[in-house]
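Notes for the one structure printed next.
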Amino acid sequence: MEKQKIIDALNEIADWLEIKGENSFKCNAYRTAARTLEVFDGDFSKLIEEDKLAELKGIGKSLAEKITTLTKTDTLPLLEELRSIFPNSLLELLKIPGVGPKKVKTVFEKFDIKTVGELEYACNENRLVELPGFGLKTQEKILKGIELYKRSAGRFLVDVVSSSSERLLNSLKNLKEVNSLEVAGSLRRARETVKDIDILVASKKPEPIMKAFVLQPKIAQITNQGETKSSIVLEEGISADLRVVSPQEFPFALNYFTGSKEHNVALRSRAIKMGFKLNEYGLFKIEDDKETLLKCKNEKEIYKALGLAYIPPELREDRGEIEAAEKNKIPELVSDKDVLGIFHIHTDYSDGIFTLRNAVEIAKSLGLIYIGVSDHSQTAAYANGLKPDKVKQQWEEIDKLNEEIGDFKIFKGIESDILVNGALDYDENLLSGFDFVIGSVHSHFNMKEKEMTDRIIRALENPYITMLGHPTGRLLLARDGYPVDMDAIIETSAKNNVILEINANPYRLDLDWRYCRKAIEKGIILSINPDTHRREGFEHTKYGVGVARKGWCEKHHILNTRTADEVLNIFKKKKS
DNA sequence: GCCGTTTTCGGCCCGACTGTTTTCAGTCG
């Protein structure tokens, strides 16, 4: 059994044990082990072979044995046993907001409820109220939870959430009681998809803020309303939480609610070891059963008090950032203002909805100093891909525009389909005329991993490819990427000096941030590309910057932080 | 089930909110 399947199995065991009513720390041990494997970056099969699993933190003798059994036999007696006690569909019930393992256990044991549909029916028949610990309100809450669960998988693309969150911030920021406010949670950490919006406000007078929050327009539901915390569901289906804390507590609360959960746990454990207690209200020195608050003006001071360099939110995923901060080795992350130009732009030559000249105007209005145009190549008939004569026509127009507009540079590029055999989409003669070539897979997604990897590797070994576009082809919340061995892709790209794209389209965000770090460690240059077809798309670049930051990228790791001349040199060097 | 400069036993991050209770359990983040 491969690593990911083992991670899934361990999490499944944790779910079952919780439903069974096992000791919660034991359940957590399974989750911790799953998490440890997820973050482990080395050679997994070697670890098993050499019997060194138990050396990993969070995996002891018992779990090491279980993981080994899973690897070797593809199954585990414990897992089989748990699966025979409970129907598989119970795991689905856990995903309903307001329904946890205890409630699942109760409805299953008392009413033999196994599916979301059966649970909904029981609520509507008013049957849940008779259960111990349940009441009318609980039943209503579960019904609402089911409705929300059915409406969406519960996650949203980052551009949608960003605009909703801005709307919420705007509705609060001018209230005189608001001292400061900030978005926390996964949005602040620049995750690729977001479950809900967490807003944090510092104020000495929470009441009017709470009121304003729940009374604003475009709210579908108020799910929580307390003195310091309220929750709403917006018409778009996105949940939003507001928490109000005192100005003194604000940095601690901001740190706490930014997460990730794993980062928080690690930070708190560190605090405990140092004789502190850290929570959303403060950092406390514990001496003789007395707690003394250490005042911190901002997050930076909290980290400093814990002996750490400041850790930017994007890095707070418990993937080595605390160790890096300990050694003062936190990277100086690339930022929006470092981006000087952008590549991967589609004009109306293929399937974009603006002209070449429009593209220049939009880019200039955003303060950029160059763009790289890359329309689709001839095989992409669905996208009006360019035949060779069209390519030449576009080159002429680019030459004219470059002459006309002095302080701006347009690079000639193409997004060439990587054909099913791994070839690029034009002959060498034409390919050599482009400043840059993005190779992308747009067809035959259902190849086997080995075939797909070979196909892409062949393209990467083509001397005319400059960048690999959206390396996995995923569409977030809609379609998984094609199966591909990313480690092999990264290896081959490094060997052939191919730039990897961070596609900044909110549907893609591909290369995934988890691989960005691997890529730059191999010396690969990344390019943040909006892959835009319309005016608004230019501004998606910022989501790509988020991915790069999350992938530990500094300015020098990114192609489009360089000047036009520097970029041209890189392209020329690659071609030669 | 894991872990250890206080520890091989007894903790494990912890507080808000809700609802069902009459002091607490469950869920969430």
Side-chain angles (χ1 to χ4, degrees), chain A residues 10 13-14 17-19 21-36 53-67 78 93-107 128-142 144-145 148 154 184-189 194-200 206 210 222-231 239-245 249 252-284 286 318:
Chain A
L10 293 175
I13 290 172
L17 292 178
E18 275 181 334
I19 291 175
E22 262 291 358
N23 174 304
S24 64
F25 298 108
K26 183 171 169 178
C27 303
N28 249 335
Y30 281 87
R31 291 198 202 285
T32 308
R35 164 92 197 149
T36 304
L53 265 172
E55 286 178 16
L56 297 180
K57 199 167 154 59
I59 298 179
K61 191 161 168 280
S62 164
L63 270 164
E65 265 172 34
K66 291 192 171 82
I67 293 167
L78 172 65
L93 297 184
L94 285 178
K95 295 179 189 162
I96 300 167
V99 178
K102 297 287 193 288
K103 290 205 166 74
V104 170
K105 182 181 160 77
T106 307
V107 298
L128 253 46
V129 289
E130 11 178 316
L131 290 172
F134 286 61
L136 202 56
K137 293 250 176 97
T138 305
Q139 182 172 277
E140 288 303 309
K141 196 175 164 187
I142 292 177
K144 280 182 179 167
L148 191 67
S186 53
L187 194 55
R188 183 162 182 245
R189 298 201 316 279
V194 176
K195 197 164 120 250
D196 53 18
I197 300 167
D198 291 303
I199 294 178
L200 192 67
M210 282 295 163
I222 300 169
T223 40
N224 250 329
Q225 193 179 353
E227 279 174 31
T228 63
K229 179 192 167 180
S230 294
S231 304
S239 309
D241 290 347
L242 171 69
R243 291 182 171 82
V244 181
V245 299
E249 292 162 345
F252 301 102
L254 180 61
N255 186 249
Y256 181 80
F257 290 114
T258 296
S260 64
K261 196 174 170 224
E262 290 80 7
H263 178 85
N264 287 353
V265 169
L267 218 53
R268 285 182 168 214
S269 305
R270 183 181 176 86
I272 290 168
K273 276 188 197 134
M274 295 174 70
F276 296 121
K277 185 178 89 172
L278 177 65
N279 60 27
E280 59 264 56
Y281 301 108
L283 179 64
F284 304 91
I286 315 244
D318 192 24

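Letters go in sequence order (proteins before strands), and every chain restarts at 1. Bear in mind that the values here come from a model prediction, so they are computed numbers and not experimental data.
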#### Entry: Whole-angstrom distance between B:dT20 and B:dG26, as gauged at atom P
14 Å
### Query
Can you check the A:I197 CD1 to B:dC28 C1' distance for me, whole Å?
17 Å
### Message
Students often get this wrong, so: under 4.0 angstrom with heavy atoms, is A:L136 touching a base, only sugar-phosphate, or nothing?
### Response
sugar-phosphate
### Message
Check this one for me: any side-chain N or O of A:K195 less than 4.0 Å away from OP1 or OP2 of B:dG29?
### Response
yes
### Message
For B:dG15 and A:N279 - does any side-chain N or O of the residue sit under 4.0 Å from the phosphate oxygens OP1/OP2?
### Response
yes
### Message
By the 4.0 Å heavy-atom rule, please label A:K141 as base, sugar-phosphate, or nothing.
### Response
nothing
### Query
Contact class for A:T228 (heavy atom, under 4.0 Å): base, sugar-phosphate, or nothing?
sugar-phosphate
### Query
Closer to the 5' end of DNA chain B via nearest nucleotide, is it A:K57 or A:D241?
A:K57
### Task
Would you mind classifying the nucleic acid contact of A:K66 as base, sugar-phosphate or nothing, using non-hydrogen atoms under 4.0 angstrom?
sugar-phosphate
### Message
Within the 4.0 Å heavy-atom criterion, would you say A:I59 contacts the bases, only the backbone, or no part of the nucleic acid?
### Response
sugar-phosphate
### Message
So A:P101, base contact, sugar-phosphate only, or nothing? Heavy-atom distance under 4.0 Å.
### Response
sugar-phosphate
### Query
When you check the phosphate oxygens OP1 and OP2 of B:dG26, does a side-chain N or O of A:T138 lie under 4.0 Å from one of them?
no
### Task
Record whether the side chain of A:Y281 comes under 3.5 Å of the base of B:dG15 through a donor-acceptor pair of N or O atoms.
no
### Message
At 4.0 Å (heavy atoms only), tell me whether A:K261 reaches a base, stays on the sugar-phosphate, or touches nothing.
### Response
base
### Any A:K105 side-chain nitrogen or oxygen under 4.0 Å from OP1 or OP2 of B:dT27
no
### Query
What does A:L131 touch in the nucleic acid at a heavy-atom separation under 4.0 angstrom: a base, only the sugar-phosphate, or nothing?
nothing
### Query
Is the number of heavy atoms from other residues, nucleotides or ligands under 6.0 Å of A:E227 CD greater than 12?
no
#### Entry: C1'-based separation of B:dC3 from B:dT8 [nearest Å]
9 Å
### Message
So, applying side chain to side chain contact (heavy atoms under 4.5 Å, CB included) with A:S186, which one of A:D198, A:I197, A:V194, A:T258 is it?
### Response
A:V194
